[in-house]
Amino acid sequence: MSAFLVTVARELRIAARNKASLLMPPLFFAIVVTLFALGGKPGDPQLAAVAPSVLWVGALLAALLTLDRLFRGDLDDGWLEQVFIAPASPVGMVLGKFAAHWLLTGLPLLLLAAPLALQLGFPSGAPLGWLLLGLLMGTPLLSIVGGFAAALTVSLPRAGLLLPVLVLPLLAPVVIFGSGAARAAQAGLDASGPIYFLAFLLVLSLTLLPWAATAALRSAFD
Amino acid sequence: MWTWFHRLASPPSFYRFADRVAPWLAVAALLLLGYGLFAGLWIAPKDYQQGDAFRIIYVHVPAAALSLSLYTGMAIAGVVALIWRIKLAECAIVALAPIGASFTALALVTGMLWGKPMWGAYWVWDARLTSELVLLFLYLGVIGLDQAFLDRRAAARACALLAIVGAVNVPIVKYSVEWWNSLHQASTILKFGKPTITAEMAIPLYASLLGAYLLAGMAALRRMQNEVLLRERRAGWVRELTAV
């Protein structure tokens with residue numbers, strides 16, 4: 001547990017010293033969503049219909065942008081190797097990295113999602129609540145699944161498009177059920193089914209992927 | 001039994017074993033697929049509802065079954081490679097991925113060709129079709145990851161982890177027609193009790209199914225042989241082999 005807290009504190013401290021980079025994911029998210037609105041006809045009711053998928057894909061892309069650097073710097077400056085030599089379990093460190101990634105990218109996106117949804121004409125009230133609940137479940141998944149893929153490609157100096165190609169199919173169910181819940185709520189239906197499925201995916205990946213990511217990082221040294 | 005198994009796990013004896021077995025698999029696959037496709041496409045009666053269009057199952061069902069079986073096999077090889085560090089299992093992962101991707105693409109294309117006359121659309125965003133498409137992307141991801149590494153062993157380890165994580169999708173593809181209201185019909189042959197397909201249609205289907213499995217097995221052995229040769233190209237036995 002202490003390795004977890006130490007890693008989270010370290011990541012937050014590093015982020016606090018580079019405040020401009022903190023703003024990039026939410027800024028990117030806002031610009032992508034705005035471009036969708038600009039690309040459509042002004043005042044088009046269709047925009048509200050596609051709002052859930054626009055918001056989800058926007059959040060996905062914004063989270064992806066930061067994933068490439070998740071472990072790269074730590075591998076280059078030797079910190080990662082020190083963690084694996086240390087007696088504490090490296091899984092705590094990996095979990096800490098994932099949690100910090102969510103705090104620094106997922107949480108700001110979540111906070112920004114409500115105004116952006118209203119900007120697209122998404123109905124406020126209960127549907128907006130379901131949309132945000134879906135994002136609350138789904139954005140940690142972006143950090144965990146994406147972090148696993150980042151661990152797989154950490155030793156590749158120019159992974160480039162490989163990382164998104166690995167991550168996006170794994171995250172397809174998250175987008176399907178996340179925007180599915182919002183669309184169901186929009187249509188006045190019960191949205192709890194897709195939310196339960198997201199919760200299942202979150203528990204599954206939280207219990208398995210930190211270990212898989214640790215194994216992937218360890219093989220970067222062999 | 002175990003000593004035979006252990007001997008097989010060493011690259012040179014696997015290479016010789018595969019050399020002996022692969023031609024027999026190829027001949028058996030050719031016969032079974034030839035019979036299955038001929039009997040299925042010409043001899044089997046028309047479907048009472050779908051007419052001649054149902055004959056796509058003689059290609060579509062084997063391809064779809066293999067797309068899932070090969071992924072499962074790849075994930076199992078991944079577990080074996082990670083736990084016991086057996087080189088042959090590592091070769092199997094990277095050998096199975098392109099074969100599985102081909103069968104997945106074949107299943108998707110044949111399904112689309114059948115979907116146009118039957119459903120009126122090449123593609124619908126439905127649970128079975130979408131999860132099968134995700135399966136194709138997962139295969140392509142494994143191939144891409146394998147190509148990105150220079151070191152063969154590091155590539156195999158990364159691919160093993162990705163294959164295992166992606167295996168979550170396999171039950172989703174398999175049970176998607178039961179869990180969700182899917183346009184895709186449920187299985188007619190692989191169910192308990194009496195199959196809901198007549199023997200004249202079913203027997204060619206079983207033949208082409210078995211033939212496709214043997215074909216995939218043959219392709220897997222040949223690809224694994226290539227991978228073994230590539231990895232062991234500096235070993236003595238490979239030099240002897242190539243010197244002749």
Side-chain angles (χ1 to χ4, degrees), chain A residues 53 68 71 94 141 144-177 179-180 183-184 193-194 196-197 200-222, chain B residues 71 75 78-79 81-83 85 90 93 97 100-101 104 108 125-173 175-176 179-182:
Chain A
S53 81
D68 193 39
F71 293 109
V94 169
L141 273 164
I144 298 168
V145 178
F148 162 69
L152 274 183
T153 54
V154 68
S155 59
L156 300 172
R158 269 182 292 278
L161 275 175
L162 182 62
L163 182 65
V165 166
L166 297 185
V167 172
L168 295 177
L170 289 174
L171 286 174
V174 181
V175 175
I176 291 170
F177 293 110
S179 58
R183 268 186 290 112
Y196 280 126
F197 211 96
F200 152 72
L201 286 174
L202 182 58
V203 171
L204 185 74
S205 52
L206 197 58
T207 46
L208 295 177
L209 287 182
W211 279 264
T214 308
L217 287 173
R218 179 167 286 140
S219 69
F221 304 122
D222 294 353
Chain B
Y71 198 94
V79 172
L82 285 179
I83 296 176
R85 305 257 160 149
E90 294 177 1
I93 303 166
T104 311
L108 283 169
W125 290 103
D126 145 299
R128 172 58 72 83
L129 277 68
T130 311
S131 52
E132 184 79 5
L133 185 65
V134 168
L135 187 71
L136 178 64
F137 290 150
L138 287 174
Y139 272 123
L140 296 179
V142 171
I143 296 171
L145 191 63
D146 171 51
Q147 300 286 321
F149 282 90
L150 280 178
D151 179 35
R152 302 308 300 151
R153 297 211 76 174
R157 261 200 299 277
C159 289
L161 283 166
L162 185 65
I164 294 167
V165 170
V168 189
N169 191 40
V170 170
I172 297 184
V173 178
Y175 296 107
S176 53
W179 292 349
W180 290 284
N181 288 322
S182 175

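Predicted, not measured: the structure shown is a model, and the values here were computed from it. Quick note on labels: first sequence line is chain A, next is B, and so on, each numbered from 1.
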Heavy-atom distance under 4.5 Å to chain A: side chain of B:T130, backbone, both or neither? side chain
Taking side chain as everything from C-beta outward and backbone as N, CA, C, O, which of these in B:A154 sits under 4.5 Å from a heavy atom of chain A? Side chain, backbone, both or neither. neither
Would you mind checking which part of [X] comes under 4.5 Å of any heavy atom in chain B, side chain (CB onward), backbone (N, CA, C, O), both or neither?
X: A:L201; answer: neither
X: A:A215; answer: both
X: A:I176; answer: side chain
X: A:S155; answer: side chain
X: A:L209; answer: side chain
X: A:L156; answer: side chain

Check: B:A163 main-chain N/O paired with B:Y71 side-chain donor or acceptor under 3.5 Å: yes
For side chain to side chain contact (heavy atoms under 4.5 Å, CB included), just list the numbers for B:N169 and B:S131, CA-CA rounded to whole Å, side-chain angles, deciding distance to a tenth of an Å, and then say yes or no. CA-CA 7 Å; B:N169 191 40; B:S131 52; 4.0 Å; yes
Taking every heavy atom of A:L170 against every heavy atom of B:L138, the minimum-distance pair comes out as CD2-CD2, 3.7 Å
All heavy atoms of B:A160 vs all of B:I93, minimum pair found to be CB-CD1, 3.6 Å
Side chain to side chain contact (heavy atoms under 4.5 Å, CB included), that's the test. Do A:I144 and A:L202 meet it? Break it down for me. CA-CA 9 Å; A:I144 298 168; A:L202 182 58; 4.1 Å; yes
Taking side chain as C-beta onward, heavy atoms only, is B:I164 less than 4.5 Å from B:L82? yes
In terms of heavy-atom pairs under 4.5 Å with chain B, which of A:L162, A:V165, A:V167 leads? A:L162
With B:E90, which of B:R85, B:R152, B:R153 fulfils salt bridge (charged side-chain N to carboxylate O under 4.0 Å, His left out)? B:R153
